Amino acid sequence: MFHAHTLQLGILASGSGSNAQAMLDAVAAGRLDARIKLVLTNCPNAGVLQRAKDANIPALCVDHTAFATREAFDAALAGTLHEYGVDTVALAGFMRMLTPGFLDAFPGRVLNIHPALLPAFPGGHGASDAFSYGVRLAGCTVHFVDAVMDHGPVIIQAAVPVEDHDTAKDLQKRILACEHRIYPQALQWLAEGRLTLHGRRVRLAPGTRLAPVVMENALICPPLEM
Ligand code: GRF
């Protein structure tokens, strides 16, 4: 699909930005072949703005309420991302649905993370919905984005147990720790040009690493390499 190339990454986030931080850290540590060109948020108070500032990454807030339509907001977002030279977009807790117009501006290059094992528990409260339902295995998913919410082809998933004594917060924390590992990993596979799409199935071309990286108390597929 794509050859190996340094991702020119734009991060869209509405909240605290711990996933954005995991990407910043992975780039700084040389584990993620990306240049983070821009952090964009729709919330003036989003914690992610400070994280970007601390890392010396340009950060902007584009307030969606200033736009008459979703399409107009998305066109502004896409235009700004292109201005900054972004070719790949990572949604990291971005609480707005993107229109087909936005996705067409970055074909096959928009990823999202969701705090549940999709297709279970899509929507804005994946982890707490899974907890309330009483699942015994919860988790998170990184997927390509299509025009349907939390629906695009799955790149990687991590499953974690739900223990008897867990609170919803405990579970959220356990899931978030996995998110911080699988999201940079999925992006690195994209940078390496190893992901191909076959219908809804995403295939990962073999890499050079011999032993998978194991994360305690989580089942991750495909296995982590970093
Ligand atoms: C994460 O749970 C992510 O899965 C969901 O929104 C949350 C964002 O958290 N899409 P953070 O802002 O990255 O800390």
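What you see is a predicted model; the values in this text were computed from it and never measured.
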*Asks:* As a quick check of understanding, evaluate side chain to side chain contact (heavy atoms under 4.5 Å, CB included) for L12 and L81, giving each step before the final call.
*Replies:* CA-CA 10 Å; L12 268 55; L81 289 162; 4.0 Å; yes

*Asks:* Could you check H5 against D87 for side chain to side chain contact (heavy atoms under 4.5 Å, CB included), going step by step and ending with a plain yes or no?
*Replies:* CA-CA 11 Å; H5 100 150; D87 66 16; 2.9 Å; yes

*Asks:* Taking only residues two or more places apart in sequence or in another chain, which ones pass side-chain hydrogen bond (donor to acceptor under 3.5 Å, both in side chains) with S128?
*Replies:*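 By the side-chain hydrogen bond (donor to acceptor under 3.5 Å, both in side chains) rule, S128 matches no residue at all.
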
*Asks:* Looking only at atom types and distance, does a side-chain atom of E83 sit under 3.5 Å from a main-chain N or O of A78, one as donor and one as acceptor?
*Replies:*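 Pair absent, no side-chain N/O of E83 close to backbone of A78.
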
*Asks:* Report yes or no: do L49 and I57 belong to one cluster of Ile/Leu/Val/Met/Phe/Trp/Tyr joined by side chain heavy-atom distances under 4.5 Å?
*Replies:*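 Hydrophobic grouping puts L49 apart from I57.
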
*Asks:* With L176, which residues qualify under side chain to side chain contact (heavy atoms under 4.5 Å, CB included), at least two apart?
*Replies:*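 So L176 forms a side chain to side chain contact (heavy atoms under 4.5 Å, CB included) with S18, N19, E179, H180.
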
*Asks:* Check the side chains of T80 and H82 for a donor-acceptor pair under 3.5 angstrom, ignoring hydrogens and angles.
*Replies:*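 There is no such pair between these side chains.
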
*Asks:* Output, in order, the C-alpha distance, side-chain angles, deciding distance and verdict of side chain to side chain contact (heavy atoms under 4.5 Å, CB included) for F144 and L195.
*Replies:* CA-CA 11 Å; F144 287 112; L195 300 176; 4.1 Å; yes

*Asks:* Tell me every residue that passes salt bridge (Lys or Arg N to Asp or Glu O under 4.0 Å) with R181, counting only those two or more places apart in sequence or in another chain.
*Replies:*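 Result, salt bridge (Lys or Arg N to Asp or Glu O under 4.0 Å) vs R181: none returned.
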
*Asks:* Taking only residues two or more places apart in sequence, or in another chain, which ones meet T69 in a side chain to side chain contact (heavy atoms under 4.5 Å, CB included)?
*Replies:*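 If we apply the side chain to side chain contact (heavy atoms under 4.5 Å, CB included) test to T69, skipping adjacent residues, the hits are E71, A72.
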
*Asks:* Can you list everything that forms a side chain to side chain contact (heavy atoms under 4.5 Å, CB included) with K169? Sequence neighbours excluded, please.
*Replies:*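 Applying side chain to side chain contact (heavy atoms under 4.5 Å, CB included) to K169 gives T167, Q172.
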
*Asks:* Yes or no on salt bridge (Lys or Arg N to Asp or Glu O under 4.0 Å) for D25 and R31, after CA distance, side-chain angles and deciding distance?
*Replies:* CA-CA 9 Å; D25 294 346; R31 289 182 286 118; over 6 Å; no

*Asks:* So which heavy atom on F94 is nearest to which on N42, and how close?
*Replies:*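 Where F94 meets N42 most closely, the heavy atoms are CE1-OD1, 3.7 Å.
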
*Asks:* Filter on salt bridge (charged side-chain N to carboxylate O under 4.0 Å, His left out), then keep only pairs touching residues 37-46, sequence neighbours left out; what's left?
*Replies:*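 Checked against salt bridge (charged side-chain N to carboxylate O under 4.0 Å, His left out) - neighbours excluded - no pair reaches residues 37-46.
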
*Asks:* Nearest heavy-atom pair of A20 and A92: which atoms, and what distance?
*Replies:*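 Heavy-atom minimum between the residues: N-CB, 4.3 Å.
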
*Asks:* Can you name the closest pair of heavy atoms from L32 and P184 and give their distance?
*Replies:*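 Nearest pair, atom of L32 first, then P184: CD1-O, 3.8 Å.
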
*Asks:* To the nearest 0.5 Å, what is the distance between CG (L91) and OH (Y183)?
*Replies:*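 Answer rounded to 0.5 Å: 5.5 Å.
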
*Asks:* Testing the basics here: between A186 and I156, what is the closest heavy-atom pair and its distance to 0.1 Å?
*Replies:*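 Heavy atoms only, the tightest pair is CB-CG2, 4.0 Å.
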
*Asks:* List the residues meeting side chain to side chain contact (heavy atoms under 4.5 Å, CB included) with A138, not counting sequence neighbours, and say none if there are none.
*Replies:*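 Partners of A138 under the side chain to side chain contact (heavy atoms under 4.5 Å, CB included) test: V135, V160, V162, L171, I175.
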
*Asks:* In chain order, what residues pass the side-chain hydrogen bond (donor to acceptor under 3.5 Å, both in side chains) check against R51, with sequence neighbours excluded?
*Replies:*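 Here the qualifying residues are Q21.
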
*Asks:* Side-chain polar contacts of residues 214-226 - donor-acceptor pairs under 3.5 angstrom, sequence neighbours left out - could you list them?
*Replies:*
| unit_1 | atom_1 | unit_2 | atom_2 | d |
| --- | --- | --- | --- | --- |
| E225 | OE1 | W189 | NE1 | 3.1 |
| E225 | OE1 | R194 | NH1 | 2.9 |
| E225 | OE2 | R194 | NH2 | 2.9 |

*Asks:* Could you tabulate the donor-acceptor pairs under 3.5 Å formed by side-chain atoms of residues 95-104, not counting sequence neighbours?
*Replies:*
| unit_1 | atom_1 | unit_2 | atom_2 | d |
| --- | --- | --- | --- | --- |
| R96 | NH1 | H64 | NE2 | 3.4 |
| T99 | OG1 | D74 | OD2 | 2.6 |

*Asks:* For the pair L111 and V142, evaluate side chain to side chain contact (heavy atoms under 4.5 Å, CB included) and give the outcome as yes or no after the intermediate values.
*Replies:* CA-CA 7 Å; L111 275 64; V142 178; 4.1 Å; yes

*Asks:* Using side-chain hydrogen bond (donor to acceptor under 3.5 Å, both in side chains) as the criterion, list what pairs up with N56, not counting sequence neighbours.
*Replies:*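 So N56 forms no side-chain hydrogen bond (donor to acceptor under 3.5 Å, both in side chains) with any residue.
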
*Asks:* Answer with yes or no whether the hydrophobic clustering places L187 together with L118; edges join I, L, V, M, F, W, Y residues whose side-chain heavy atoms lie under 4.5 Å apart.
*Replies:*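 No; L118 is not reachable from L187 via cluster members.
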
*Asks:* Can you tell me if R203 and T196 form a side-chain donor-acceptor pair at under 3.5 Å?
*Replies:*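 Absent: no donor and acceptor within the cut-off.
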
*Asks:* Do you reckon F121 sits in the same ILVMFWY cluster as I182, going by side-chain contacts under 4.5 Å, direct or chained?
*Replies:*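 In one cluster: no.
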
*Asks:* Provide the closest heavy-atom pair for P122 versus D129 in the form atom of the first, atom of the second, distance.
*Replies:*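 Closest approach of P122 to D129: O-OD2, 4.4 Å.
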
*Asks:* Do R109 and V89 come within less than 4.5 Å of each other through their side chains, counting heavy atoms only?
*Replies:*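 Side chain of R109 against side chain of V89, heavy atoms only: no contact under 4.5 Å found.
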
*Asks:* Hey, does F131 have a side-chain heavy atom less than 4.5 Å from the side chain of D170?
*Replies:*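 The answer is no, as the side chains (C-beta and beyond) never meet within the 4.5 Å cut-off.
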
*Asks:* Does atom CZ of R200 have more than 12 heavy-atom neighbours from other groups under 6.0 Å away?
*Replies:*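 It does: R200 CZ has more than 12 such atoms within range.
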
*Asks:* Which atom names give the shortest non-hydrogen contact between C61 and P44, and what distance separates them?
*Replies:*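 Smallest interatomic distance, heavy atoms only, reads SG-N, 3.5 Å.
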
*Asks:* Any salt bridge linking D164 with R136? Criterion: basic side-chain nitrogen under 4.0 Å from a carboxylate oxygen.
*Replies:*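 Here D164 pairs with R136 in a salt bridge, since their nearest N and O are under 4.0 Å apart.
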
*Asks:* Check for a donor-acceptor pair, side chain of T141 on one end and backbone N or O of A116 on the other, with a separation under 3.5 Å.
*Replies:*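 Yes: the side chain of T141 pairs with the backbone of A116.
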
*Asks:* With the 4.5 Å side-chain cut-off for hydrophobic clustering, are V145 and L117 part of the same group?
*Replies:*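 In one cluster: no.
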
*Asks:* Measuring from atom CG of L7 to atom CG of L9, what distance do you get when rounded to the nearest 0.5 angstrom?
*Replies:*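 Going from CG on L7 over to CG on L9, the span is 6.0 Å.
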
*Asks:* Closer than 3.5 angstrom, by distance alone: can the side chain of Q188 be matched with the main-chain N or O of D33 as a donor-acceptor pair?
*Replies:*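 Between the backbone of D33 and the side chain of Q188 there is a qualifying donor-acceptor contact (under 3.5 Å).
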
*Asks:* Can you give me every donor-acceptor pair (side chain of residues 148-155, partner residue at least two apart or in another chain, under 3.5 Å) with its distance?
*Replies:*
| unit_1 | atom_1 | unit_2 | atom_2 | d |
| --- | --- | --- | --- | --- |
| D150 | OD1 | N112 | ND2 | 3.4 |
| D150 | OD2 | H114 | ND1 | 3.4 |
| D150 | OD2 | G123 | N | 2.8 |
| H151 | ND1 | D146 | OD1 | 3.3 |
| H151 | ND1 | D146 | OD2 | 2.5 |

